[in-house]
Every structure is written in C-alpha cells, then in structure tokens.
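What follows is a single structure, written as structure tokens, with notes after it.
Lettering follows sequence order; numbering is per chain, from 1.
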Amino acid sequence: MSVAIDQAGVRRWMDLFAQAMSEHRQELVALDTAIGDGDHGTNMDRGMRKAIEKLHADAPPDPGALLKAVAMTLISTVGGAAGPLYGTLFLHLGAGLTDRDAIDLAAYSAAWRRAVDAVQARGSARAGDKTMVDALLPAVDALERSESLEAGLAAAAEAAREGMLATIPLVARRGRASYLGERSAGHQDPGATSTYYLFESAAEALAS
Amino acid sequence: MSVAIDQAGVRRWMDLFAQAMSEHRQELVALDTAIGDGDHGTNMDRGMRKAIEKLHADAPPDPGALLKAVAMTLISTVGGAAGPLYGTLFLHLGAGLTDRDAIDLAAYSAAWRRAVDAVQARGSARAGDKTMVDALLPAVDALERSESLEAGLAAAAEAAREGMLATIPLVARRGRASYLGERSAGHQDPGATSTYYLFESAAEALAS
Amino acid sequence: MKKLINAPDQVVADALRGIQAAHGDRLRVSLDPYLLVRADAPVRGKVGLVSGGGSGHEPMHGGYVGRGMLDAACPGEVFTSPTPDQMLAATKAVDGGAGVVHIVKNYTGDVLNFEMAADLAGGEGIEVATVLTNDDVAVEDSLYTAGRRGVGVTVLVEKIAGAAAEAGRSLQEVAEIGRRVNAQGRSMGMALTPCVTPASGRPSFELAEDEVEIGIGIHGEPGRFREQAGPASQVAERLMTPILEDLPFRSGDRVLAFVNGMGGTPLLELYVVYAEVARIAAAHGLRIERNLIGNYITSLEMQGCSITLLKLDDELERYWDAPVDTPALRWGA
Amino acid sequence: MKKLINAPDQVVADALRGIQAAHGDRLRVSLDPYLLVRADAPVRGKVGLVSGGGSGHEPMHGGYVGRGMLDAACPGEVFTSPTPDQMLAATKAVDGGAGVVHIVKNYTGDVLNFEMAADLAGGEGIEVATVLTNDDVAVEDSLYTAGRRGVGVTVLVEKIAGAAAEAGRSLQEVAEIGRRVNAQGRSMGMALTPCVTPASGRPSFELAEDEVEIGIGIHGEPGRFREQAGPASQVAERLMTPILEDLPFRSGDRVLAFVNGMGGTPLLELYVVYAEVARIAAAHGLRIERNLIGNYITSLEMQGCSITLLKLDDELERYWDAPVDTPALRWGA
Ligand SMILES: Nc1ncnc2c1ncn2[C@@H]1O[C@H](COP(=O)(O)OP(=O)(O)O)[C@@H](O)[C@H]1O
Ligand SMILES: Nc1ncnc2c1ncn2[C@@H]1O[C@H](COP(=O)(O)OP(=O)(O)O)[C@@H](O)[C@H]1O
Ligand SMILES: [Mg+2]
Ligand SMILES: [Mg+2]
Ligand SMILES: [Mg+2]
Ligand SMILES: [Mg+2]
C-alpha cells in the first residue's frame, strides 16, 4: 500500500511546524541577532501562531487550499524577508496540490520544485548565498531522488539539516547578513534553520 | 614677634588651594555624584585654575584686593552653587582686608566672620543644613577663639575637618542634596569638603 | 565612558561651534562668554527673554532661542549653572528698552547666579523681572529646604511667555504669564538608567537590571526612591498620581500634556507612555487640549521620561499656539 | 532589558494608540492593519506618498505623515518590515487618482513586501511607482549582493518628494525627484552602544568599553568593523571620507548636511559632530546650504550617529524649503 498525504496530514504538519517555531523562537532570534536584526524567531512564531488560529476557525478542505491559506496568513502577518519568502513557498506548494484529496510522491516533489523555483525567483538567492535556499535546494533534490514519501521526507529533512549546517562558513550575499560581508562567515543562517525545522516537521507529521 | 599675613602669604594660600582642588577633583566629583550632580570638583578646579592664571598675569598689590580678584574670577567661571557662594566668601573676606599690607589675627577673624555672614545671607543655609556652612562656622569660631594666627589657622582647619565629617549623618536641607531627602544622610557634603581644604591650605600657607 | 566628544572640557564649546555652524543665520553665538542670542536682538520695544542653565539638557535652552520664544540663552558647563557675567551679557544683548525677563529654574546655583546678574543689570539701568520655575512634585516643598526643582514646565514657560513678549505685552505682564504657567503646571520624572557627565566619566548612580528610579531630576541626581521596573502603565500611574493630586487637577480642566524623554529613550516608548497618560487623564475627566511629546528637556543620555501637566486657560492656549521659530520648536513659521 | 513598554508584543500597538491620542486631529490611525494616514487623504489629484518599514526608527516614518510629506506610513513590528496588506491598504487610502509613490528602503524584506503590494495595487487599478533608497556607503554594492541599505537619505526623499507631490507634480516626476535625491545622497553611520529589541531582550551585539562600531545600519545589526573609540573629529572623518569619495562630492558643490542621532545620543553631542562635519565639508570646498541635526531615523536606544550628505540643486533646495506640517518635521506651517 502506498502512503499519501491528505488534508489531515498537512494540518498535522502545520501544527508541528508552528510548535517548532514556538519552541525554537529564541534560538532563531539568537542566530538572527548574530548576523541580522534578531527578529526571525519572533516573526515566524507570530506568523505560524496566527496561521494555526485561522485554521482552527476555518480549515480549507484540501491540502493545497490549506497551504495557500497558511501562505496568505504568513504574507500578512510575518513581514520582513521571511514573510514574502515563506509566503511564496507555501503559495506555490499549495498551488501544485489544490483540488487533491491525497498527494503522492510525484505530485509532492513536483510541487516542491515549483515552490523552490518561486522562492528563488522572488528573492534572487542562489545556492551558496547563505539563505533558506541553501536548506531548500538539497531537501527538494533529496525528495526527488527518493522512492517513497516516507523515505523522501526523511532524506529531505536530513539534507535540509546538512544544508543548514553548511551555511555556517559561507559569506552571505543576500538578505540582511550580506551587509556584514566577511563577518557573516562562522554563523548559521537563521532562515536555513527554520527551513530545516519545516522539513523535520513534515517528516514527523507523516510518521505520526 | 607677632606673625601677620601679607600679600605673598595670601598668594601662597591661593596656590595651595588651587593645588588642592586639582588633586582632590575626583574625590569632590565622587562626593557630589552621590548626593548631587557630580560637578563640584570640576567646577572648583576650573575656577581656581583660572584664578591662578589671572594672578600670574596681574596680581593685585594687597591681600584684600587679591582676594577680591579671586572672587571675581570664581563668580565668572565656576557657576553652580559654589561659584556665587565661594565668590561671596572671597569678596567679603577681601573687603575686610583691602588696603592693608599685613593682616593680624583680629582683622583676619573679623573679616572671616563677615564673609561667613555674607555666605549665609546669600544662600540661607544654617548650621546643620549639610552645606559648606557646616565647615565654615566651626572654623571661624575656632579662629575667633585663638590666641595667634598660627594656632588659629591650625584650629580652624581642624574644626573645618570635624564640621565636614559631621555633615555625613545629616539630612540636607539646602542645595541639590536636599532633593534626596532622607537619602542624603550617610554622605559627606562636597562643599564642606572643599571648605576644609580651603582652611587646610590656609594653615599650610602660613606655616611655609 | 564613550561619547561623541573631543575632550570633556571642550564639549560645550564644541557644541556651540556646531550650533554656530548650523544656525548662524538665525542665532549669534559667542564662545566667551558662552551665549546664544537671536540674530535680530534686541527687538526694539519688546520685552527680552533670557534663560539659562547647565548644558546637557538640550535642546533646552539654546534650541529655544528665536522668534516667539527666547531672545537669549546662557549655557553653563554640563550640569553647572552659568555665571552672572554670561547672564548680564545676555540681558544687555536683548534689552530692547522694555525690560528683560529672566527664566530661572529653582536650583541654588541658578538662583544665586541669576540674582547676581539681575543686581548687575539693575546697576546698568535694565529692569529685570524673574520667573522662577519649581514644578517638580517629586521634591518636598518647604521654607526650610531648597524647595522644588524647575523641570518640564520651564519649556512651557519659555514658549508661552515668549509668545506674550512677541505679542508686545509689558514686562510685568510677561512675567505674570510666565509665573502663571509655573503655578498651573506640575511635573515628575523617572529614569531607567543613569547618565554619565563627560567630566566625571562615571554613572551618576547605580541601578540594578530590574530597578527604576522614581522622582528623578534632570541632572543625573538620584531620585526619591527606586523600585522594581514595571510596565509603562505603572510608570505612568506613578508619575501622574502625585501630579494630579498636587495642584490639584479637577475633572473638566483643560490641560496641556507633555511627555518628555530624558535623552536616551526611544520616541516609540514615549508614545507608549503618552497612551497611558491619555488614559489616566481621561479617567480623571481632564481634557487634553494640547500635547508635546519628545526630547525637550533632557539629562544627557539618560533613559527615562517625565510627565508635565499644565492647566490651560484661553490666554495660555493662545500663546501656546502662537508662531514659534526656533531650532527645536517651530510652528506657524 | 528595561523599557517603557507594557509588553514586548504590544509595543507597536501601544505606541500607535499614543500617536492616535496625540495626533488624532491630523492623522487617522488604524491598529489592524497598522496604518497612519493623513486625515485629509486622499487628496484629489495629488500623487500619494506611502512609506513604511519596521518600527524602532521613530520618528521615521509615522512622524513624517502630513501635509508636504507622506500621505501614509505602514509601521511593521520592531525592525520587521511591514506586510503587503498594510501597504495595499495605505495605497488605496491615499490614492487621489494621480497614482501613488512607494518609498522603499533597500532591505530584502521591505523590497519583497512592497513588490507584492505594488502588484496587488496594480491589480486594483492604482498606478504605483517605487523609489528605492540605498544610500549607505558602508555596504558593498554589487549585483551579486543585496546591495546597499537605505538609511538617512530616506528622510530627505520623503521630505523632498513630498513637497513635489504637494506642488502637483505628476507620478513620474515625483518618483524621478525622489530617485534623484537618492542618487545624489550618501550616508554612513556608527554606534557607541548596541540596542535591544523588546522581543529579544538582548543587546544586538557586544562592544567593549573602548570600542565603537563603524558602518552600522539602523537595525542593531553589527557594522563593517570595530575600532578603538576616538574623538568626535576622528569619528566624523571616518564617516565623511567614504561619503565624500563615493558620489564623489566635488569642491563647489552645494549640499545639505544631515547629522542624525541613533536614538540614545544627546543632542549636545550631535552638535559636536556637526561642528566637525562643517569643518571637513569646508576643507573639501563644499557649501553647506541646508542642514538637519537631531534624531530623525533611529535605531531604538542605540547611541551613535550617522552622517548624510545630499548634493543640492535649485529644485531640491526649493522642495526642501517648502512648507511641511507633520508631527516630527514642521516649518512654514
Ligand atoms: N533574497 C533572499 N532569498 C532567500 N532567502 C532570503 C533572502 N534574504 C533573506 N533570506 C532569508 O531570510 C532570513 C531572515 O529572515 P527574517 O529575519 O525574518 O527577515 P529580515 O532579514 O527582514 O529581518 C535569512 O536568514 C535568510 O535565510
Ligand atoms: N544654600 C547653600 N548655602 C551654602 N552652601 C550651599 C548651598 N547650596 C549648596 N551649597 C554647597 O554647594 C555645594 C555644591 O556645589 P556645586 O556642586 O559646585 O554646585 P551645584 O550644586 O550647583 O552643582 C554643596 O555641597 C553645598 O556645600
Ligand atoms: Mg531578521
Ligand atoms: Mg554639583
Ligand atoms: Mg551643578
Ligand atoms: Mg527584520
């Protein structure tokens, strides 16, 4: 029997991601204080909290619509760079999955690829620029290479983690950290870190 | 042979007092920081430095005129409470000694009494208000009780020191320290401290 | 101590050079003695207004020299009242034949030096009237103390008396209006942090990470008591309650509410405080008809604020609204 | 962390309540979404001006809403750019039929959110032109980075483009004038101390007692390098040299010199810095025709300053001088 992601699964994922943003809020703030302006944890926590609140009141029926609803909330409550970027990510992820009851690996991978492309189009960040893209790209690559959703999400989470860690030595070329020039090296990118938690939550949601 | 104070003696006194204000500047600042605004040492040092500068350029011929010249410099360079009060003190001290070549104990005591009265008239401080008056009054009392200038100035310096120390437990009723109310107790008054140095310098100037 | 200065004993002179460079078109700046005078002074037939005090409270007083407010300001060294010769020079420079008002904050040093200056000016045939400000309700008031400090109300006196002088009122009238502002105004301040004077290089007092100092003045002197830091709503209550009781302010009174920053507090926070002031004033039935929010009478880089309430009448309100054209306060011009 | 706030996540809303209470006669304040709009907006036929950015920079931008300057400001959370829905609401509120200019500081967040807002506004038939400010010479500029930050020049763009809009200029003209101000202006900043955002409660960076941070932005982000604290003359050289070289400014140029406080630095010290700026400018043969000195674009309670030079021409100078009537900048009105 092949596993698929349904509305409840996405709902679980969003709950877990919101929980992660709340739990790791101070960690993300500390990372962003070192090479940015110290608000990434607060921003993501505020946005996901609001998103869950909205889903509580009114959860769209299918996975795609649900992700789009989250996107809209993030766009209108997060602000900063992360708001439009995560908003764009969820918007395009959702767009690829709308009107589906259950999502298989192929559809899921394809939607993720379009979502990452959209993030890159919006923010012009490339691999190695020390941004969330450095966690996104390897994660989506890993997903595409996988044979099943379970294996894929586990591999994606691991790849995101490696991508996140790999941002440490990088000199930032996009976002606020780029103003530091060479001084940005030696610090882990906050956006790549929240992106890692996004994939970790996805793997966990599927497993539970 | 009876000792008298002449122009050179007053000149020596002012040099020593200026030196004391420079040496004890930080101490006076610290005392004034605790219960005032932290400028007493800077103010007195600036004023006496300027006074000595002026005396270098042009020293009046007699003790009284010399003290009046110092008074005018203090009034125009010290500011704060200490400027007009020390200015008044020196002005009236000088007024009692003008046109004299040499000053004996009687004239000296009488001039000091008038000077202290003038300070009290200007500032309305009474004994026990925790001000320079608490060093001035016992010092002048001691001077009046003495038999010779040497003994008198030594006794005055000792009395000023005791008066200065006696300000520690007092609650201020005049000057900036009065805004602290009860919290002013437990601190030595900066103005009483500079006044002690004034008498100490006087005794030293006579001895040297 | 880190400061944007060249040397502790040059800071006032250097700042005056900056003011000269920036506002030389509207102010005459003298470095010896320190003095800031309206470029068009003396204005013939107009009562002259002179204020002064220690430096470190900027924009007070130099920022308030100009049409509709002060004719001259005498800055002292940091936190040190200026000297009689400065005040005399200022008084002579602004005397347009109608007499000169001295606005004096009630500190021993300011009072004594201005007294001497007034004597000297009188000796030169200039009529001087003095307006003493003593609006700080944090200080116990009695004949047997130095009395209350002059704080926030000073700015309002300078503006309102300045407008009265500009309107051609007589020396006695201008002084009476200034005294009325002082009589109808009350203030109280607090600090989150101390300040450091350039000369001392040390904090004016020590405060724990969770303490605030209530009843602070504007010279880094310690306040009346310290307490656990609380929310802005509590801070506002702490300051407003003694102010409201002291005059007292009554339901229906029209007031000007002035939330002043001590120099190091973000404007964002001053607006948070203002929201609380407006709430408390409304609960007391006061009508806030005018307001002023910002750093107007400061204590170097101290963090904290003061609140001033002024009971308004038609005349005071009219003079408040009158045009003013100074570096720090400007409207209608 | 001690601040005059009620709670970290309420600070912006509480401050807006304060602004509403204080300036409700001239501004419409919305708390959901956060928005400040000129009371008389939209002005029929006039180009609308919208700016916005994170809070914590007060008086920028809310203090600049009013006749002759901005029509609306969108405040974000502290140091967090606002969101497209705020910007869209602002754009709709100020559109008087002549189009709307968005003034956007070059930060990824501000740029992306304003882009989305412009798209949405376009979808509703409102023509939007964007003026991007990126005047900070401390930041390396290249296609392969985020480019330079928008800092001090933003205030000057808002004033000058605001006057152009008030004068009835077209959307393209107002945008072109705003872009010219940005192109002819350069800034650089430094800090003596970090700042603490209410949400994080911690200093944005650590500095030793004898160190200063050079090339700082306005978000408590670390600068380009740190060095031993020196006199104001050295600080001014440190900031002026890259500014003068970058445009470059040439002998004979007419300039506006803007010495800005980061929020926690006494005005006294800003004038000390201004004296040095005037000295250096004169040595370069520049003619400072206009100046602005004070806390205009801040970084909470950070101590430090920034310097902005703007090359003037007749048109920019005329629009700088034009009447402005906002809570924080006011003249001729
Ligand atoms: N151009 C970009 N493309 C992709 N990600 C970016 C870009 N700019 C910034 N980011 C990400 O956004 C994160 C910062 O988000 P956040 O702190 O919420 O916003 P801000 O920088 O506006 O304060 C960075 O750590 C980085 O991962
Ligand atoms: N009314 C007064 N009469 C006598 N001495 C006074 C009076 N007020 C203040 N003083 C003295 O002045 C001292 C403070 O001087 P200083 O610090 O130079 O002036 P300020 O208080 O204006 O800063 C006090 O310690 C006190 O001894
Ligand atoms: Mg950030
Ligand atoms: Mg003192
Ligand atoms: Mg003093
Ligand atoms: Mg941010």
Selection from C/P222, C/P203, C/G54, C/A138 maximising heavy-atom pairs under 4.5 Å formed with chain B: C/P222
Top contributor to chain C contacts, counting heavy-atom pairs under 4.5 Å, from B/G175, B/A172, B/G123: B/G175
Candidate list C/N134, C/T133, C/N106, test side chain to side chain donor-acceptor pair (under 3.5 Å), partner C/N182, passing option: C/N134
Pair B/W112-B/F199, ring-ring contact (aromatic ring centres under 6.0 Å, His included): steps then yes or no: CA-CA 11 Å; B/W112 265 111; B/F199 282 101; 4.7 Å; yes
Salt-bridge present (C/D95, C/K92; N to O < 4.0 Å): no
Selection from C/E206, C/R202, C/R226, C/Q86 maximising heavy-atom pairs under 4.5 Å formed with chain B: C/R226
Option that, when pairs with chain B are counted at under 4.5 Å, heavy atom only, ranks first among C/T80, C/D9, C/T108: C/T80
Pair B/R113 + B/D141: basic N to acidic O under 4.0 Å: yes
Interface moiety of B/R122 toward chain C, non-hydrogen atoms closer than 4.5 Å: both
Which portion of B/S124 sits near chain C, non-hydrogen atoms under 4.5 angstrom: neither
Ion pair B/E204/B/R12, N-O distance below 4.0 Å: no
Option passing ring-ring contact (aromatic ring centres under 6.0 Å, His included) with C/H57 (candidates C/Y107, C/Y296, C/F79): C/F79
Top contributor to chain C contacts, counting heavy-atom pairs under 4.5 Å, from B/I35, B/L180, B/T33: B/L180
Salt bridge C/E140-C/R148, side-chain N to carboxylate O under 4.0 Å: no
Heavy-atom proximity to chain C below 4.5 Å, by part of B/S76: both
Residue C/P82 versus chain B: region with a heavy atom under 4.5 Å: backbone
Heavy-atom contact with chain C under 4.5 Å, split by part of B/A34: backbone
Six-ring centre of B/Y179, C/R149 cation under 6.0 angstrom, axis tolerance 45°: yes
B/Q26 versus chain C, the contacting section by heavy-atom distance below 4.5 Å: side chain
Greatest number of heavy atom pairs closer than 4.5 Å to chain B - which of C/P33, C/G147, C/G109: C/G109
